[in-house]
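In this text the structure is predicted, and so the values were computed from the model without any measurement. Chain identifiers are assigned alphabetically (A, B, ...) following the order of the sequence lines, protein sequences preceding nucleic acid strands; residue numbering begins at 1 within each chain. Hydrogens, waters and symmetry mates play no part in the numbers below; they use all other heavy atoms, side chains included.
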Amino acid sequence: VFKRFVEIGRVAFVSFGPHAGKLVAIVDVIDQNRALVDGPCSGVRRQAMPFKCMQLTDFVLKFPHSARQKHVRVAWEKENINEKWAATRWAKKIEAREKKAKMTDFDRYKVMKAKKMRNRIIKHEMKKLLKEASKKGKKSQKAKK
Amino acid sequence: PAFCLAPQMAGEKKAGDKKAAEAKPAEKKGSQKKLREKARKPKKHHASRNPVLARGIGRYSRSAMYARKAMYKRKYTAPETKIEKKKKEKPPATITKPVGGDKNGGSRVVKVRKMPRYYPTEDVPRKLLSHGKKPFSQHKRKLRASITPGTVLILLTGRHRGKRVVFLKQLATGLLLVTGPLAINRVPLRRAHQKFVIATSTKVDINGVRIPKHLTDAYFKKKRLRKPKHQEGEIFDTEKEKYEITEQRKSDQKAVDTQILARIKKVPQLRGYLRSTFSLSNGVYPHKLVF
């Protein structure tokens, strides 16, 4: 049922708060609600962070609990988390959302034109296929008769 | 003879001496003059001759200070300027005018400035002083930082609402001079109000475009006829109902538009963008849009 667990070394995405949008690694668990967290390669200082603002990712690093920042950094860079994260669909969706919000009026016009052209092409091909299908259907009907 | 000679010699000597003496004192005078001039230029102002007893209270009275500062020696009058001279040349107070009819004496002496023919029963009270109340022509014109020459604006009011238009310059009254260009969206050279316009971040490079200098507010102002002589039936007909495009407007439009169209064609899709109109639809909120 659950695939991603809170464990030492789990990389999490911070969803809200002062470090919103950054990746952190769970270094230790403090109590039921908070974890000791560190993000040496994403600009987050080692600190306590509530679980509620973290969203677990698929990545796990290997380091012992309460390891120094240096070791967390080494593990992070060894696994190349930053590149792997940028390749995930999650990160790409976030980026697309940001780009859409930044669109200017001119950009919106260009997108509208591009979408229009794309849909036209698709419809054209679709109609071609339908026509062929209907022709074949007619032929087989005639043959049956 | 000795003493005769002596004076001669003395005279000569004196002359010589005088010359020398003249030369010397002349030199001295000259050098003294130079020194004096040098000394005169950086003349240091004396400190206040009125010692302070307490803040705002001096030791000496006005009349005592007048004497201490030797103002009796320092009475200046400014040289009379040409303007003052002209002012002194007063216009004539009376004029003689010819009068018709015989037995009238031919002319009358008439006052140029006559006494008022009416005095109000109550005097108008003196108005209080005000400051900083300027007429419209002297008001400060502001322009939003987002609006620079070449910016694409979206008109929000008027018959061209929703159209995207190129900004040219701000006129003297503060209104914005704007053009379609005409060939793209049928918006001519026109004035638009800054407040009723959305400035987009799209800019057209209008670097070397020359806008004719006669395009001012007076050029664009609406003309109203004021000649009907109060004949009830005809007042409503003579006022300009139909606006006719003058040849000058057409030529000015062409002059500006040809320059701008060239720059617009360089940017891909800009022409189509300017042809389209702006509208809101479901889920589109202006406060969330980035223009």
* Count the heavy-atom pairs under 4.5 Å between each of Met103(A), Lys110(A), Arg108(A), Met112(A) and chain B, then report the option with the highest count. =>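 Max contact count across the listed options: Arg108(A).
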Quick check: are there more than 12 heavy atoms from other residues, nucleotides or ligands sitting under 6.0 Å from [atom1] of [X]?
X         : atom1 : result
Arg144(B) : CZ    : yes
Glu125(A) : CD    : yes
Tyr118(B) : OH    : yes
Lys254(B) : NZ    : no
Arg186(B) : CZ    : no

* Would you mind telling me which of Thr200(B), Val152(B), Leu289(B) has the largest number of heavy-atom pairs within less than 4.5 Å of chain A? =>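 Most heavy-atom pairs under 4.5 Å with chain A: Leu289(B).
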* Shortest non-hydrogen separation from Ala101(A) to Val290(B) and the atoms involved -> O-CG2, 3.3 Å
* Asked: Heavy-atom distance under 4.5 Å to chain A: side chain of Ile198(B), backbone, both or neither?
  -> neither
* To do: Would you mind checking which part of Phe106(A) comes under 4.5 Å of any heavy atom in chain B, side chain (CB onward), backbone (N, CA, C, O), both or neither?
  => both
